[in-house]
2 protein chains.
Amino acid sequence: MTRERLTAQRLTRAAAELADEIGFANVTVSALARAFAVKPAALYSHVRDLQDLRVRVAALALAELADRAASALAGRAGKDALVAFAGAYRGYAKEHPGRYAAMQIELDGIDPRGEAAQAARRHAEMTRAILRGYRLAEPDQTDAVRMLHGTFHGFVSLEIAGGFRHTPRLVDASWSRTLDALHAVLTDWPPPEAGPR
Amino acid sequence: MTRERLTAQRLTRAAAELADEIGFANVTVSALARAFAVKPAALYSHVRDLQDLRVRVAALALAELADRAASALAGRAGKDALVAFAGAYRGYAKEHPGRYAAMQIELDGIDPRGEAAQAARRHAEMTRAILRGYRLAEPDQTDAVRMLHGTFHGFVSLEIAGGFRHTPRLVDASWSRTLDALHAVLTDWPPPEAGPR
DNA sequence: TCCCATCACTTAAAGGCTTTAAGTATTTGC
DNA sequence: GCAAATACTTAAAGCCTTTAAGTGATGGGA
């Protein structure tokens with residue numbers, strides 16, 4: 001019974017699977033060891049500790065999402081690109097809620113040369129690429145990047161958390177109209193202090 | 001030494017304090033018991049279990065935020081109301097990161113007649129009140145409520161998580177411009193499929 | 001081919017967490 | 001002033017993380 005040897009990569013992938021199945025918060029060294037029919041202590045040769053494992057899952061998810069977003073973006077521009085990128089984001093989050101949750105961990109003390117930080121940079125670059133279609137100059141571009149990121153993340157995480165389930169309106173429809181609204185406001189980005197009224 | 005008796009309310013309040021200090025994820029029955037110089041088991045007369053404690057903190061936070069938002073909204077309308085509401089939301093989240101995190105727990109299996117669900121309903125009502133200034137009919141109103149909620153939550157939680165710290169631009173400025181953009185798009189809410197280009 | 005070192009995992013153990021059950025002491029109501 | 005309820009402690013089981021030491025298989029060198 002020469003079972004497959006453990007590696008950090010295999011552990012990370014399995015942890016990501018587990019996260020989608022039982023929730024990111026329930027991904028523990030013990031649970032992962034059980035999945036490999038191995039004692040918990042065995043994992044510590046491959047992964048520093050639980051925190052390390054979780055950061056690895058976050059990095060995996062970030063990279064996967066960046067890949068998917070890049071594919072979605074390929075060959076598109078303008079509103080098309082916006083919708084495709086947003087769709088990739090939302091689709092990934094809904095297919096992989098555990099991985100998505102992993103991405104939300106504090107990325108503060110993370111190695112800026114690590115895979116996670118690199119994937120995060122790819123995301124930012126893609127968002128800026130979308131905005132190129134709208135001809136926004138700095139600092140408007142940065143503001144718009146932040147607004148887009150915030151809107152995507154906020155909408156999707158409220159949707160996953162069930163925050164929209166109390167109103168019958170289809171969430172897909174609201175998502176679509178939210179993208180229409182974002183497109184409109186990017187097309188005609190208002191100057192500062194557009195004035196009340 | 002007649003120390004103050006424990007109650008669910010006092011525990012909840014202390015847990016909220018603790019959450020802001022050490023992070024919501026680190027609020028445990030043990031830590032809370034320590035704060036009261038009491039054995040962990042003592043808490044179980046007042047609170048069903050850890051999950052119950054956490055839901056109580058979430059409900060407290062939701063109610064506090066609803067109060068603050070209501071004050072901010074009083075006597076305002078139009079963009080003024082939007083900015084005040086959003087400011088209350090962001091201010092609360094930044095002052096009380098632990099409580100804010102508590103609000104993000106799955107509210108799925110929650111008692112719909114409980115304090116938490118009630119506070120959530122107050123939030124939705126206030127958001128709709130803001131939108132009254134923009135004369136949106138259903139289903140646009142629901143879509144806009146979802147977009148606003150999502151944008152506020154997403155922006156603020158990315159900010160707290162440190163997602164904006166890699167660009168020098170002041171976050172306050174981006175927040176302000178994001179509100180300008182929301183105001184603009186609410187003022188001139190685009191019809192469905194506004195068409196690419 | 002044999003041996004030895006390394007590797008990959010197990011065993012063992014300490015310490016923290018949640019949660020229940022049973023015990024004790026204090027307070028409360030009559 | 002006494003009995004009963006209350007409020008907390010003690011005790012214990014079970015699960016978690018993490019480190020250290022142990023074991024057996026593997027594979028490279030002679």
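In what follows, every chain begins at residue 1, and chains take the letters A, B, ... in the order their sequences are listed. On a predicted model such as this, the values are computed, not experimentally measured, just so you know.
Under the 30°/60° scheme for interplanar angles, the aromatic rings of Phe85(B) and Phe152(B) are found to be tilted.
Here the P atom of nucleotide dG16(C) and the NZ atom of Lys39(B) are 12 Å apart, to the nearest Å. Atom pair Asn26(B):CG and dC17(C):P shows a separation of 11 Å (rounding to whole Å applied). A straight line from CZ of Arg54(B) to P of dC17(C) spans 13 Å, rounded to a whole angstrom. One interatomic measurement links the two molecules: CG of Leu50(B) to P of dT18(C), which rounds to 6 Å at whole-angstrom precision. Between Tyr44(A) atom OH and dA13(C) atom P the separation is 19 Å, expressed in whole Å. In this structure, the CG atom of Leu11(B) is 9 Å from the P atom of dC8(D), given to the nearest Å.
Remark on DNA chain D: of its neighbouring residues Pro40(B) and Arg34(A), the 5'-side contact belongs to Pro40(B), judged by nearest-heavy-atom nucleotide.
In this structure, Tyr100(A) has its ring center at least 6.0 angstrom away from the ring center of His96(A).
Geometrically, Arg68(A) does not engage Tyr92(A) in a cation-pi contact, judged by NZ or CZ lying under 6.0 Å from the ring centre and within 45° of the ring axis. Cation-pi check for Arg54(B) over Phe24(B) is met; the charged atom lies under 6.0 angstrom from the ring centroid and within 45 degrees of its normal.
Taking side-chain N and O atoms only, Ser45(A) has no distance below 4.0 Å to OP1 or OP2 of dC7(C). Within the structure, every side-chain polar atom (N or O) of His46(A) is placed at least 4.0 Å from both OP1 and OP2 of dA8(C).
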